[in-house]
*Asks:* 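First the structure, then my questions, so here it is.
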Amino acid sequence: MLTIKNLTATINEKLILKGLNLEIKPGEVHAIMGPNGSGKSTLANILSGKNGYKTEGEIKYEGINLNDLKIEERAQKGIFLAFQYPLEIPGVNTNIFLKTSLNSVRKARGEEALDTLTFLKLIKENVGFSGGEKKKNEILQMKLLEPKLSILDETDSGLDIDALRIVADGVNSYKNKENAFLIITHYQRLLDYIKPDYIHVLSAGNIVKTGNADLGKQLEKTGYANLS
């Protein structure tokens, strides 16, 4: 689904990613952990299409050169990013925003647009994720848009235990053999609820260690100091 080869990324003349390699297949959950400033959010931003980065290397999504796609084209082809700090858009109703986004994706898939009543029925089916909490709304968007590759950029940041479980339940209920997840987190606690197939440690712009779900528990005990 996603293949990254020798990816470098620079912003404001600062080199952040330094030859990163990663492969994600359908049905897999990958987690990326690492110290602050290691390049985790930079990777998420580049995959989603944020401007401002100068990149070299290869990023292919379902065989397509990702650099050839605009932000909206990436979303329409099934790439979703849940932000660490979701922003409110003043004057924009959440349901209108979601309905417009969903119908844009459906149009790209060759599907009919949903009318208001059908859309509201979908919202009611996901009532546990609707409401004022921004992070839960991100998961609601994911479930409505049905992306193939979901990137969660520290979605667990600032969540209490109840909200964390709700977010994790949303991810787990959406996981299947056809989609994949890239979860960026500082903490093992999210990975107690969403079991990753692989954990990668990103440090100083590169993946320095890869392991199974047990690696997160090891890092909780030892930290990143001994990794290089």
Side-chain angles (χ1 to χ4, degrees), residues 1-4 17 20-48 79-86 126 128-129 133-143 145-228:
M1 181 177 289
L2 180 71
T3 304
I4 302 173
L17 298 181
L20 186 144
N21 295 283
L22 180 65
E23 182 176 359
I24 300 177
K25 298 177 181 178
E28 293 182 343
V29 177
H30 290 245
I32 291 186
M33 304 179 75
N36 288 328
S38 58
K40 300 185 299 298
S41 290
T42 293
L43 176 61
N45 290 337
I46 289 171
L47 293 177
S48 66
I79 295 178
F80 174 82
L81 172 63
F83 294 99
Q84 180 180 0
Y85 302 111
N126 292 280
F129 305 100
E133 294 90 341
K134 295 178 182 179
K135 298 295 182 72
K136 290 199 297 182
N137 253 334
E138 294 280 275
I139 302 303
L140 173 62
Q141 289 182 48
M142 180 193 74
K143 297 197 73 174
L145 297 176
E146 298 181 329
K148 296 178 182 178
L149 175 63
S150 297
I151 305 162
L152 310 184
D153 186 10
E154 298 192 33
T155 303
D156 54 331
S157 176
L159 294 183
D160 61 31
I161 192 66
D162 292 327
L164 182 68
R165 285 174 176 165
I166 290 172
V167 166
D169 286 346
V171 171
N172 287 328
S173 66
Y174 181 60
K175 279 194 307 180
N176 59 54
K177 295 180 180 180
E178 304 299 323
N179 59 35
F181 287 83
L182 179 61
I183 299 172
I184 296 170
T185 182
H186 276 295
Y187 306 110
Q188 169 63 29
R189 63 176 194 157
L190 179 63
L191 305 182
D192 287 334
Y193 297 102
I194 305 172
K195 300 295 184 183
D197 298 293
Y198 302 95
I199 294 178
H200 311 280
V201 180
L202 186 57
S203 180
N206 219 327
I207 292 174
V208 297
K209 189 176 183 66
T210 294
N212 60 21
D214 293 333
L215 178 56
K217 297 176 182 178
Q218 174 190 332
L219 293 171
E220 284 280 296
K221 296 178 181 179
T222 63
Y224 302 112
N226 296 323
L227 297 172
S228 58

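Excluded from the calculations below are hydrogen atoms, water molecules and symmetry mates; all remaining heavy atoms, backbone and side chain alike, are included.
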*Asks:* In chain order, what residues pass the salt bridge (Lys or Arg N to Asp or Glu O under 4.0 Å) check against Glu23, with sequence neighbours excluded?
*Replies:* none
*Asks:* Can you name the side chain to side chain donor-acceptor pair (under 3.5 Å) partners of Asp197, sequence neighbours left out?
*Replies:* none
*Asks:* State which residues pass side chain to side chain donor-acceptor pair (under 3.5 Å) with Arg189; sequence neighbours excluded, sorted by chain then number.
*Replies:* none
*Asks:* Give the intermediate values and the outcome of side-chain contact (heavy atoms from CB on, under 4.5 Å) for residues Val167 and Ile194.
*Replies:* CA-CA 10 Å; Val167 166; Ile194 305 172; 5.6 Å; no
*Asks:* Got a list of side-chain donor-acceptor pairs under 3.5 Å for residues 177-184, not counting sequence neighbours?
*Replies:*
unit_1, atom_1, unit_2, atom_2, d
Asn179, OD1, Asn176, N, 3.1
Asn179, ND2, Tyr174, O, 3.0
Asn179, ND2, Asn176, OD1, 3.4

*Asks:* Which residues pass the side chain to side chain donor-acceptor pair (under 3.5 Å) test with Thr3, not counting sequence neighbours?
*Replies:* none
*Asks:* Mind checking the OG-CE spacing from Ser38 to Met33? Nearest 0.5 Å is all I need.
*Replies:* 10.5 Å
*Asks:* Return the CG to CD1 distance between Leu145 and Ile79, rounded to the nearest 0.5 Å.
*Replies:* 13.0 Å
*Asks:* Kindly compute the distance separating CG (Leu22) from CG (Leu202), expressed to the nearest 0.5 Å.
*Replies:* 10.0 Å
*Asks:* With Val201, which of Asn206, Leu219, Ile32 fulfils side-chain contact (heavy atoms from CB on, under 4.5 Å)?
*Replies:* Leu219
*Asks:* side-chain contact (heavy atoms from CB on, under 4.5 Å) with Thr42: which residues, sequence neighbours excluded?
*Replies:* Ala9, Ile16, Leu17, Ile46, Tyr53
*Asks:* What's the spacing between Ile24 CD1 and Ile151 CD1 if we round to 0.5 Å?
*Replies:* 7.5 Å
*Asks:* Just to verify, what does Lys195 make a side-chain contact (heavy atoms from CB on, under 4.5 Å) with, not counting sequence neighbours?
*Replies:* none
*Asks:* Which residue pairs pass the ring pair (Phe, Tyr, Trp, His ring centres under 6.0 Å) test with at least one member in residues 184-205, sequence neighbours excluded?
*Replies:* His30-Tyr198, His30-His200
*Asks:* Would Thr155 and Val171 satisfy side-chain contact (heavy atoms from CB on, under 4.5 Å), going step by step from the backbone distance to the final call?
*Replies:* CA-CA 11 Å; Thr155 303; Val171 171; over 6 Å; no
*Asks:* Within the 4.5 Å heavy-atom criterion, are Ile139 and Asp169 side-chain neighbours or not?
*Replies:* no
*Asks:* To the nearest 0.5 Å, what is the distance between CE on Met142 and CG on Leu81?
*Replies:* 12.5 Å
*Asks:* Using the side chain to side chain donor-acceptor pair (under 3.5 Å) criterion, which residues pair with Asp214? Sequence neighbours excluded.
*Replies:* none
*Asks:* Would you say Ser203 and Lys209 are linked by a side-chain donor-acceptor pair, where the criterion is simply a distance under 3.5 Å?
*Replies:* no
*Asks:* Output all residues satisfying ring pair (Phe, Tyr, Trp, His ring centres under 6.0 Å) with Phe80, sequence neighbours left out; order by chain, then residue number.
*Replies:* none
*Asks:* Please determine whether side-chain contact (heavy atoms from CB on, under 4.5 Å) holds for the pair Met1 and Glu28, giving the CA-CA distance in whole Å, both sets of side-chain angles, and the decisive distance to 0.1 Å.
*Replies:* CA-CA 10 Å; Met1 181 177 289; Glu28 293 182 343; over 6 Å; no
*Asks:* Going through the distances and angles, do Leu190 and Leu152 end up as a side-chain contact (heavy atoms from CB on, under 4.5 Å)?
*Replies:* CA-CA 11 Å; Leu190 179 63; Leu152 310 184; 5.6 Å; no
*Asks:* Which atoms form the tightest heavy-atom contact between Glu146 and Lys143, and what is the distance?
*Replies:* CG-O, 3.4 Å
*Asks:* So, taking the atom named CD1 in Ile166 and the one named CG in Leu140, what distance separates them when rounded to the nearest 0.5 Å?
*Replies:* 12.5 Å
